[in-house]
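This report concerns only the one structure given below.
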Amino acid sequence: MTALTQNIRLRIAPSPTGDPHVGLAYVTLFNYVFCKQNNGKLVLRIEDTDRERSKPSSEANIMSSLKWLGLNWDEGPDVGGPYGPYRQSERQAIYQQHVQQLLDAGKAYRCFCSSARLDTVRTEQRAKGLTTGYDRHCRELPAASAPASAPFVVRMKVPLEGRTDFVDTLRGVISIDNHQVDDQVLLKADGFPTYHLANVVDDHLMEISHVIRAEEWISSTPKHVLLYAAFGWKAPVFLHMPLLRNPDKSKISKRKNPVSLTYYQRKGILPAAMLNFLALMGWSYSETQEIFTVAEMQEKFILEKIHLGSPIFDLQKLLWLNQHYLQLVGEDEFVTTLRQQVFSDSYLRKLYPLLRTRMDCWESFVEKADFFFTGALQYQGLAICPTSMPQADFSKGMESLLLVLDEVYEWNSATLEAVLNQHRESLQWKPKDYFMPLRLIVTGRKDSPPLTETLEVLGREMVRFRIRDYLKNF
RNA sequence: GUCCCCAUCGUCUAGCCUGGCCCAGGACACCGCCUUUUCACGGCGGCGACGGGGGUUCGAAUCCCCCUGGGGACGCCA
């Protein structure tokens, strides 16, 4: 490593648009370890340029999840630092100024196309089997040809010829034809920058030396390289981590796998286990030893040794590691953690109104409230209702089912019907039966609190996979 | 569809760069046995992979090419 000839500065750049994601923890871990190993600085930068989706609560959760894992940063919105502000929404002036610079240099242009027009163009391109992208309609528009008040975006003027090459530390040279690179929007109509602009400008201004990010960014790296060149800047070193996968090998998603760090924290996965597990996804400590700490990883880690095959996030192995770490827990920690995390005051208070009238002695709490701790819901009665059956009789059951599926699993009646159709044969359905064929009551137990309250206390992600597994095994 | 990336047991991986020590090593899961008054932990063992085809070479999991397969990107989301 060339640690002495260069300041190592890494960054993690989450977008605060949802629950803290395991993918973030994964990428952060590798950034963190490489950083520490080289006496570098780790920057946390909040990429909140999507005004619609960014939420302060999400930002807070991301930070607390990373802290939970012990992945601390040296500079960030909460701790400050010499390169701030560290929230992109607070850096507007900087982006405006840089966009103007590109405009002046003729390396970007204003585009007045409506999204409707863009949609049409894309549809046509798709129909012809072409790469979809902007047709550069406004690229050569004379500067004064549009009314000053017309809404516009600023697009990058990508070279029409040639190729753009860059080096990925793990993969070597990657070369992409400029025809494949879109005239990317840099500044949106609302004046906010897109990821591509903000990311490049900030990485440069914050003197980031190595960009370690997920593989999904490979195909937009040429845009970034082109931008660095347009500004006359030196690009950082790029390294793309393999993507975590669902069991079906698709990119890990909450639809198919629990992905929220909050979920794992609450479930009772220990940070050490999670970190150890994540480290194993693409890297190995030694030929025989699989259990190791972050500190040990730091000693032996070699960036270039990251394995490129995209690993499947395997809950079983996580749990095995966790069991191992749990065995190391001392008696005091056992008592304290259980009190704080599982039987916390706040959780018990939530349960109070639901359990109070259902218990007949203190001991019965365990029996009556078990599913509030395991998430193990019971499913009572899955019935096929002939279409002749009065609508009202099962509409209630249907309602709760759809509520669960829509709210918890983001399903709708169409996907539900598809699932049901898969089981059509084993259910011996007649075609006329599957119009409204199902009644499913999902609750904790027979005498349990109402579904809505149950869901609220348990949390959606906890329930989501129970239902999925249930339907799958049916 | 176009472009890009990837390819060792069901899963995570070691080996690949610097061909021979690999008829491929470890771990999870699974199965069996031992230990244990139960269960778990622990110990021992079993099952199980170099996607296919061409090269190069005395020799290929390792190097090259093609095919196939998987994935990602193609947004005024990141």
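To find a chain, count down the sequence lines: A is the first, B the second, and so on, and within it residues start at 1.
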- Task: Round to a whole Å and report the spacing from CG of L243(A) to C1' of rA7(B).
- Result: 16 Å

- List for me each residue that meets salt bridge (charged side-chain N to carboxylate O under 4.0 Å, His left out) alongside R155(A), sequence neighbours excluded, and say none if there are none. none

- Message: Using Watson-Crick or G-U wobble geometry with both distances under 3.5 Å, which nucleotide pairs with rC3(B)?
- Response: rG72(B)

- Take atom P in rG19(B) and the same atom in rC64(B), then report the distance between them in whole Å. 12 Å

- In whole angstrom, what separates H307(A)'s NE2 from rU8(B)'s C1'? 8 Å

- Nucleotide opposite rA24(B) in a Watson-Crick or G-U pair, distances under 3.5 Å: none

- Query: Applying a 3.5 Å limit to both distances, which nucleotide forms a Watson-Crick or G-U wobble pair with rA49(B)?
  - Reply: none

- Interatomic distance where CZ belongs to F313(A) and C1' belongs to rC12(B) [whole Å]: 12 Å

- Item | Rounded interatomic separation in angstrom, taking CG from D248(A) and C1' from rG72(B) | 14 Å

Considering only distance and modelled atom types, tabulate donor-acceptor pairs under 3.5 Å from the side chains of residues 228-235 of chain A, sequence neighbours left out.
| residue | atom | partner | partner atom | Å |
| --- | --- | --- | --- | --- |
| W233(A) | NE1 | H204(A) | NE2 | 3.3 |

- What interatomic distance, in whole Å, is found between C1' of rU11(B) and the corresponding atom of rU36(B)? 31 Å

- Task: For residues 271-290 of chain A, pull every pair meeting side-chain hydrogen bond (donor to acceptor under 3.5 Å, both in side chains), keeping only residues two or more places apart or in separate chains.
- Result: N276(A)-Y325(A), E290(A)-K317(A)

- Query: Heavy-atom contacts under 4.0 Å between residues 272-293 of chain A and RNA chain B, which residues?
  - Reply: L280(A), M281(A), G282(A), S284(A), E287(A), T288(A), E290(A)

- Query: On RNA chain B, nearest-nucleotide positions of K251(A) versus I176(A): which is more 5'?
  - Reply: I176(A)

- Please tell me which of R163(A) and I312(A) maps to the more 5' nucleotide of RNA chain B, matching each residue to the nucleotide holding its nearest heavy atom. R163(A)

- Taking the six-membered ring for Trp and the single ring otherwise, decide whether the centroids of H210(A) and F30(A) are under 6.0 Å apart. no

- Task: Can you tell me, in whole Å, how much space there is between the C1' of rU62(B) and that of rC30(B)?
- Result: 31 Å

- Would you say the side chains of S250(A) and N246(A) form a donor-acceptor pair under 3.5 Å? yes

- Query: Distance between the P atoms of rA61(B) and rA49(B), in whole angstroms?
  - Reply: 15 Å

Tabulated below should be each protein N or O lying under 3.5 Å from an N or O of nucleotides 74-78 of chain B; please produce it.
| residue | atom | partner | partner atom | Å |
| --- | --- | --- | --- | --- |
| rC74(B) | O2' | T132(A) | O | 2.5 |
| rC74(B) | O2' | T132(A) | OG1 | 3.2 |
| rC76(B) | O2 | A189(A) | N | 2.8 |
| rC76(B) | N4 | C113(A) | O | 3.1 |
| rC77(B) | OP2 | K188(A) | NZ | 2.7 |
| rC77(B) | O2' | D50(A) | OD2 | 2.9 |
| rC77(B) | O2' | R53(A) | NH2 | 3.1 |
| rC77(B) | O2 | R53(A) | NH2 | 3.3 |
| rA78(B) | OP1 | T49(A) | OG1 | 2.8 |
| rA78(B) | OP1 | K188(A) | NZ | 2.6 |
| rA78(B) | OP2 | Y195(A) | N | 3.1 |
| rA78(B) | O3' | E47(A) | OE1 | 3.2 |

- Output all residues satisfying side-chain hydrogen bond (donor to acceptor under 3.5 Å, both in side chains) with E59(A), sequence neighbours left out; order by chain, then residue number. R87(A)

- Task: Can you run down the ring-ring contact (aromatic ring centres under 6.0 Å, His included) pairs that involve residues 302-321 of chain A, sequence neighbours left out, and say none if there aren't any?
- Result: Y264(A)-F313(A), F277(A)-F313(A)

- Message: Is it the case that the side chains of Q88(A) and E47(A) hold a donor-acceptor pair, with the cut-off being a distance below 3.5 Å and no angle test?
- Response: yes

- Atom pair distance, as rounded to whole Å: CG in D314(A) and C1' in rU11(B): 5 Å

Please write out each protein N/O paired with an N/O of nucleotides 40-47 of chain B under 3.5 Å, distance rounded to 0.1 Å.
| residue | atom | partner | partner atom | Å |
| --- | --- | --- | --- | --- |
| rC41(B) | O2' | Q327(A) | OE1 | 3.0 |

- Task: Could you measure between the two C1' atoms, the one in rG72(B) and the one in rC76(B), and give it in whole Å?
- Result: 23 Å

- Message: Between rC63(B) and rC50(B), how many Å separate the two C1' atoms, rounded to a whole number?
- Response: 15 Å

- Query: For the side chain of K317(A) and the base of rA29(B), is some donor closer than 3.5 Å to an acceptor across the two?
  - Reply: no

- Counting heavy atoms from C-beta on, name the nucleotide in rC5(B), rA27(B), rA73(B) closest to the side chain of S219(A). rA73(B)

- Task: For P151(A), enumerate each residue passing the side-chain contact (heavy atoms from CB on, under 4.5 Å) test, keeping only those at least two apart in sequence or located in another chain.
- Result: none

- Message: Could you work out, with side-chain contact (heavy atoms from CB on, under 4.5 Å) as the rule, every residue matching S344(A), not counting sequence neighbours?
- Response: S346(A), Y347(A)

- For atom CD1 of I306(A) and atom P of rU13(B), their distance in whole Å: 11 Å

- How close or far is atom C1' of rA14(B) from atom NZ of K300(A), stated in whole angstroms? 12 Å

- Task: Under a 3.5 Å limit for both distances, which nucleotide forms a Watson-Crick or G-U wobble pair with rC17(B), could you say?
- Result: none

- Could you tell me which nucleotide pairs with rC44(B) by Watson-Crick or G-U wobble geometry, both distances under 3.5 Å, or answer none if nothing does? rG32(B)

- Item | Within 45° cone of Y83(A) ring axis and under 6.0 Å: R9(A) NZ or CZ | yes

- Message: Would D19(A) and K254(A) count as a salt bridge (Lys or Arg N to Asp or Glu O under 4.0 Å) here? Give the steps.
- Response: CA-CA 10 Å; D19(A) 286 346; K254(A) 69 173 176 183; over 6 Å; no

- Roughly how many Å is it from CG in L308(A) to P in rU8(B), rounded to a whole number? 11 Å

- Query: Between rC41(B) and rG53(B), how far is it from one P atom to the other, in whole Å?
  - Reply: 42 Å

- Message: Between rG10(B) and rC77(B), how many Å separate the two C1' atoms, rounded to a whole number?
- Response: 35 Å

- Note on the structure: residues 172-184 of chain A vs side-chain hydrogen bond (donor to acceptor under 3.5 Å, both in side chains), sequence neighbours excluded, gives Y109(A)-D183(A), T131(A)-Q180(A), R136(A)-D183(A), R139(A)-D183(A), R163(A)-S175(A), T164(A)-N178(A), D165(A)-S175(A), Q184(A)-K223(A)

- Query: What pairs with D104(A) under side-chain hydrogen bond (donor to acceptor under 3.5 Å, both in side chains), at least two apart in sequence or on another chain?
  - Reply: Q100(A)

- Looking at rG70(B), rU13(B), rC5(B), which one has an atom nearest to any side-chain atom of P311(A)? rU13(B)

